[in-house]
Amino acid sequence: MEWVMRDMIRDLLTTERTLSQHYLQAQHISANEGLRQTLEQCLYEVNRVQTKLFNEMEQRGWLTLTTAGQQPIESAIIHWEQQLERHPELAAKE
């Protein structure tokens, strides 16, 4: 029974992640402010449920997290700095 529950929660988590991506994309392309606000609320709720599912899996020991060492973090920073140099249009505008 535990395996079935774990698979169900994992599927729900995957579904919530997909919904989050779609709501965010729809929000970005929406021209109507009311619709954009509704999509923002839906996105908030989906992310809240996603967090609950993630925490449930972690508490049950079905999900293990590892802490990244200093080297992988520094490598990722260097990678994205290089990407920004090659593609300055990706930089956040203030």
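One-based numbering along the sequence shown. All values reported here derive from a predicted model rather than from experimental measurement.
In this structure, Q25 and Q21 have side chains that are not in contact, with every pair of non-hydrogen atoms separated by 4.5 Å or more. Side-chain atoms of W62 and M5, non-hydrogen and from C-beta on, do get closer than 4.5 Å to each other. Here the side chains of R6 and R60 are not in contact, with every heavy-atom distance at 4.5 Å or above. For the pair R17/F54, a side-chain contact is recorded, criterion being any heavy-atom separation below 4.5 Å from C-beta on. Within the 4.5 Å cutoff, the side chain of L19 has heavy atoms near those of the E16 side chain.
What you find for S30 and L39 is that their closest heavy atoms are CB-CD1, 4.3 Å. Taking both residues in full, the closest heavy atoms of S20 and V46 are given as N-CG1, 3.7 Å, listed atom of the first, atom of the second, then distance.
Between the side chains of Q70 and E74, a donor-acceptor pair is found at a separation under 3.5 Å. Checking S75 against Q71 by side-chain atom types alone, a donor-acceptor pair falls below 3.5 Å.
To the nearest 0.5 Å, atoms CD (E40) and CG (L24) are separated by 10.0 Å. Taken from OG1 in T38 to OH in Y23, the straight-line distance is 10.5 Å, to the nearest 0.5 Å. The CG atom of L63 sits 11.0 Å away from the CD1 atom of I9 when rounded to the nearest 0.5 Å. Here the CG atom belonging to L12 is positioned 13.0 Å from the NZ atom belonging to K52, to the nearest 0.5 angstrom. Atom CD of residue Q82 and atom CD1 of residue I77 lie 12.0 Å apart, to the nearest 0.5 angstrom. The CG atom of L43 sits 13.5 Å away from the CZ atom of R36 when rounded to the nearest 0.5 Å.
Judged by distance alone, the side chain of T14 and the main-chain N or O of R10 form a donor-acceptor pair under 3.5 Å.
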Practice item. In sequence, state the C-alpha distance, the side-chain angles, and the governing distance for E45 and Q41, and then conclude on side chain to side chain donor-acceptor pair (under 3.5 Å). Key: CA-CA 6 Å; E45 290 298 324; Q41 183 61 34; 3.3 Å; yes

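Cluster annotation: L53 is not connected to Y44 through the hydrophobic network of ILVMFWY side chains, with a link wherever side-chain heavy atoms come within less than 4.5 Å.
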